[in-house]
Amino acid sequence: MAALEARESELESFRGEARDWLAKNFPPSLKDVDVAMQVTGGWKPTGDAKLWAERMGAKGWGTPTWPKQYGGGGLSKEQARVLLQEMGRIGARSPIGGMGVMMFGPTLLEYGNEEQKSQHIPKIVTGEIRWCQGYSEPNAGSDLAALQTRAEDKGDHFLVNGQKIWTSGAQYADWCFCLVRTDKTRKHEGISFVLIDMRTPGIEVRLIKLISGNSPFCETFFTDVKVPKENLVGPLNGGWTIGKRLLQFERAGLGGGGGSQGRMEGRSLEQMAKDYVGTDERGRLADTDLRGRVTQHLMEARAFTLTLQRAQAESKSNQGPSAATSIMKNAGAKVAQDRAELTLEIMGHQGMGWEGDAFTPEEIVAARTWLGGKAVTIYGGSSEIQNNIIAKRILGLLDHQ
Amino acid sequence: MAVLTEEQTMLRDAAKSWVAEKSPVTALRKVRDSGADHAFDPAAWREIAEMGWAGILIPENYGGSGLGYLTLGLVLEETGRTLTASPLLSTAVATSALLLAGNDTQKETWLPKFAEGKAIGTIAVDEGAHHAPEKISLKATKDGSGYKLSGKKSFVADGSAADLIVVAARTGGKPGDANGVTLFLVPGNAAGLTREKLKTVDSRGHANLAFKDVSVGADAVLGSVDQGGAVLESILDRARAAIAAEMLGAAAQSFDVTLDYLKTRVQFGQVIGTFQALQHRAAKMFTDLELTRSCVEAALNAIDKNANDVAALCSLAKAHASDTWHLVSNEMVQMHGGIGMTDAHDAGLYLKRARVAEAAFGGASYHRDRYARLMGY
Ligand SMILES: Cc1cc2nc3c(=O)[nH]c(=O)nc-3n(C[C@H](O)[C@H](O)[C@H](O)COP(=O)(O)OP(=O)(O)OC[C@H]3O[C@@H](n4cnc5c(N)ncnc54)[C@H](O)[C@@H]3O)c2cc1C
């Protein structure tokens, strides 16, 4: 009991410390501005954004629980939660993000050797170096282990030849964590996890344009690319385990965007529906069928949020990992896509704008979000693959012969 | 599964082993086939009371344990798993009514008896084919210092067995008005009350009640005259969360039984669970069950904490549990093939109870509409 109280009061004193530091260092002009999103989108921060990124990077608070020895915040989980609460209170978003923070860093901390960690982690912490993910290939998507990009052993280096596709942010990335084939005779046991400097000669990046009009990702070609041996993470042919661990971090961070429901900027969905569709004399949405579907969606979104909270509470207590985590990706993706479809339907013709003054910025964003959001059931393990995983790993059903 | 205290874990484990030993699904079959008087086994109800479950909501000074709704939900989840027929839920609803609106005398009269299982309680709200607490028309007219009740109540759970019936009646206004509803405590054996036992698909005890000039004293008024509508909603919310817990347990069991079958039934030389068409439907059911659990636990918790969004969360829990069990009970029959259609298999029992529970205290569409109203659109 006394120990618990001591911990509580320690946490409260940390809260004071965090609050003071944020008051001194957070530029108020960035209230509610998602700097990290802009940075991963290829934008170099300037002015206040730059200042904020530098300060958070130096403090290590963009990666609050990472070890201090590599520049991380060195905070406990509880302290990190307090920090997030304090940032949320003043509308401060972390300016440090991207694949390095979300998935590669945590994986390297587990599997990297000392040199690799000292070389790469501090630069993820400060947001100096941007990473991209070289996993998918034209013939290796859901069946990722079918990948063919070859890394031949040439003594002190690997010679890499092949093609990756859907490489998000490759056009901006400084480095790529990559799954390559080092043994053709075995499928899963012939894959290695290597780190490739994107400035190495022989790498070519071509933009791919999406249905939403953006080009967030690329085809990445490797022609006789020399990768030093010290860039191999973990054992030779041991890359599959590491690659899968990284996917766990990726999926944990995804939740299909459904988690951000409550934090959506602008009008709520129900308000938007009232504004576009109108209400009857009792204040109810005039279109009763739409009203029913909006409600069904909002209730599903609430159920999803409650499940996120439950999984969090369960993983904090000593019940082990929560079974609920396995459903997050699909459930969250459905919430996000339903929301986008309903938004478009509510806006009617006004939701069909691509660009131009006939449409409000909110309307254009709705259309683009709707299109871009179709990806959430495809990447990070498609919905079908998630269902396979639930069926096999959680429910114990066997593979089809 | 919510993070439980040691006491809650013990109680849940006790419930698990009791239902396995004393109240498997065969117990419901026995009740059904023997034509038990009130469609439950009195011996089982006695044991339930002896284990203290009837007193989970009741404060210690009235002979209960005062552990609250989340704890009650844990027990109902387990009894739901085996479709245990007992007046536990109905009595818990009557208990909630007394806790929310009863005066000291009313509580002293009934709560100790409820806690001991010496009395059964229930609530009588609906008068037609659908849950519609705003449409109450059963009339209570002033008669000396007391009242006379006349009208009908339909599909009252454990209505024939109940010693105490919480009756929602109209003392003013007209059906549809928010004001003018008053709650009365009416003994089950009141003169002028006729109780018609219903034969329903779920083989549980339901009754239609007819009130003909049923006289009650002023001391039968629960809460305040004409102002019972709000507290009625609070009572119903507790009922909705509680039955959602029962439904969660029953849906989880329907799923577990089905999953087991997917792992054992062989066709085309392999267990049918290897077919992806079935696997993905199983994954969908599992996903829905996880979401339902979050909603049910959040609603029960909100009641215990007296949170300000109890109403919305209870509607969410009831709607979600209804949709999920609806799906799972249908899939249970379908994935069992022909055997699922037989009376000898349990699938039908789950399917039948599912629909009754879905309709009780408002079905999914009722609660979606209510949720929308609560959110102001
Ligand atoms: C926006 C976006 C960003 C991405 N970013 C990256 C990135 O940065 N790096 C990277 O490496 N990759 C990235 N990807 C690629 C992504 O991981 C793949 O698209 C994904 O793995 C699916 O592979 P695929 O496109 O080849 O589809 P396929 O695997 O060919 O799938 C086609 C369809 O078949 C279904 N299917 C496949 N196998 C099964 C099965 N066993 N059972 C049932 N159905 C099945 C799928 O669900 C899908 O519906 C990104 C994709 C998108 C859309």
Side-chain angles (χ1 to χ4, degrees), chain A residues 268-271 273-274 277 279 282-286 288 291-300 302-311 313-319 322-331 334-335 383-384 386-392 394-401, chain B residues 1-4 9 255-256 258-260 262-263 268-299 301-302 309 312-313 315-317 319-321 323-324 364-365 367-377:
Chain A
S268 66
L269 192 70
E270 60 271 29
Q271 188 56 50
K274 278 187 181 179
V277 179
T279 51
R282 284 187 297 177
R284 301 179 188 200
L285 266 190
T288 52
R291 177 172 180 267
R293 287 180 295 115
V294 164
T295 309
Q296 182 136 30
H297 161 71
L298 291 178
M299 291 172 84
E300 200 66 17
R302 184 90 174 260
F304 177 69
T305 309
L306 290 170
T307 305
L308 282 179
Q309 290 166 358
R310 179 164 70 86
E314 287 172 1
S315 68
K316 258 191 288 169
S317 77
N318 292 327
Q319 297 183 350
S322 157
T325 16
S326 66
I327 68 147
M328 260 16 142
K329 167 95 192 334
N330 278 2
K334 181 168 186 325
V335 167
S383 290
E384 289 76 15
Q386 298 300 333
N387 277 337
N388 286 349
I389 292 173
I390 294 173
K392 280 165 210 160
I394 310 281
L395 303 180
L397 296 169
L398 299 172
D399 247 331
H400 186 64
Q401 308 310 313
Chain B
M1 176 59 63
V3 179
L4 302 180
T9 310
F255 179 67
D256 289 351
T258 307
L259 187 59
D260 209 43
L262 293 182
K263 290 177 183 176
F268 298 99
Q270 50 203 316
V271 291
I272 58 172
T274 58
F275 302 135
Q276 200 181 47
L278 301 187
Q279 289 186 346
H280 284 196
R281 279 151 61 189
K284 157 86 174 133
M285 289 191 264
F286 175 76
T287 302
D288 288 356
L289 280 165
E290 285 295 316
L291 292 168
T292 298
R293 175 173 296 288
S294 311
C295 298
V296 170
E297 290 177 356
N301 230 331
D309 53 355
L313 286 171
S315 273
L316 176 65
H320 218 286
D323 284 342
T324 298
S365 60
H367 285 292
R368 277 196 284 274
D369 176 68
R370 181 170 182 255
Y371 192 88
R373 272 186 278 135
L374 289 166
M375 298 293 148
Y377 65 93

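Naming convention: chains lettered A, B, ... in sequence-line order (proteins, then strands); numbering from 1 in each chain. Bear in mind that the values here come from a model prediction, so they are computed numbers and not experimental data.
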Inset, instruction - Heavy atoms only, distances under 4.5 angstrom: which of Ile390(A), Ile389(A), Thr279(A) has the most pairs with chain B? Name it, please. - result: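 Among the listed options, the one with the most contacts to chain B is Ile390(A).
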
Legend entry - Most chain B-contacting option - heavy-atom pairs closer than 4.5 Å, from Asn330(A), Thr288(A), Asn388(A): Asn388(A)

Inset, instruction - Mark yes or no for whether Arg310(A), through its side chain, and Glu290(B), through its backbone, hold a donor-acceptor pair below 3.5 Å. - result: yes

Legend entry - Side-chain donor or acceptor of Lys274(A) paired with backbone N/O of Gly376(B) under 3.5 Å: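 Yes: the side chain of Lys274(A) pairs with the backbone of Gly376(B).
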
Inset, instruction - Kindly indicate, with the supporting measurements, whether the criterion side chain to side chain contact (heavy atoms under 4.5 Å, CB included) is fulfilled by Asp309(B) and Arg302(A). - result: CA-CA 12 Å; Asp309(B) 53 355; Arg302(A) 184 90 174 260; 2.9 Å; yes

Legend entry - Pairs of heavy atoms under 4.5 Å with chain A: top-ranked of Cys295(B), Ala372(B), Gly269(B): Ala372(B)

Side chain / backbone / both / neither for [X] at chain A, heavy atoms under 4.5 Å:
X: Phe268(B); value: neither
X: Ala298(B); value: side chain
X: Ala317(B); value: neither
X: Ala364(B); value: neither
X: Asp369(B); value: both

Restricting to non-hydrogen atoms, name the atom on [X] and the atom on [Y] that form the minimum distance, rounded to 0.1 Å.
X: Ala303(A); Y: Leu291(B); result: O-CD2, 3.8 Å
X: Ala313(A); Y: Val3(B); result: O-CG2, 3.6 Å
X: Ala282(B); Y: Leu397(A); result: CB-CD1, 4.3 Å
X: Leu395(A); Y: Ala283(B); result: CD1-N, 4.1 Å
X: Ser315(B); Y: Met299(A); result: O-CE, 3.8 Å

Legend entry - Residues that Lys284(B) engages under salt bridge (charged side-chain N to carboxylate O under 4.0 Å, His left out), provided they are two or more places apart: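 Counting only residues at least two positions away or on another chain, Lys284(B) forms a salt bridge (charged side-chain N to carboxylate O under 4.0 Å, His left out) with Asp288(B).
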
Legend entry - side chain to side chain contact (heavy atoms under 4.5 Å, CB included) assessment of Val277(A) paired with Tyr377(B): CA-CA 11 Å; Val277(A) 179; Tyr377(B) 65 93; over 6 Å; no

Measuring heavy-atom distances to chain B, does [X] have an atom under 4.5 Å in its side chain, in its backbone, in both, or in neither?
X: Ile394(A); result: side chain
X: Glu384(A); result: both
X: Leu306(A); result: both

Legend entry - Asp323(B) vs Gln296(A) side-chain heavy atoms within contact, under 4.5 Å: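 Heavy-atom side-chain distance check passes, below 4.5 Å.
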
Legend entry - Stepwise side chain to side chain contact (heavy atoms under 4.5 Å, CB included) test for Ile327(A) and Phe286(B): CA-CA 8 Å; Ile327(A) 68 147; Phe286(B) 175 76; 3.6 Å; yes

Inset, instruction - Could you tell me the separation between the CG atom of Leu398(A) and the CD atom of Gln270(B), rounded to the nearest 0.5 Å? - result: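 Going from CG on Leu398(A) over to CD on Gln270(B), the span is 9.5 Å.
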
Legend entry - Interatomic spacing from OG1 in Thr295(A) to CZ in Arg373(B) - rounded to 0.5 Å: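 Result: 11.0 Å between the selected atoms.
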
Legend entry - Check against side chain to side chain contact (heavy atoms under 4.5 Å, CB included), Arg291(A) and Arg368(B): CA-CA 9 Å; Arg291(A) 177 172 180 267; Arg368(B) 277 196 284 274; over 6 Å; no

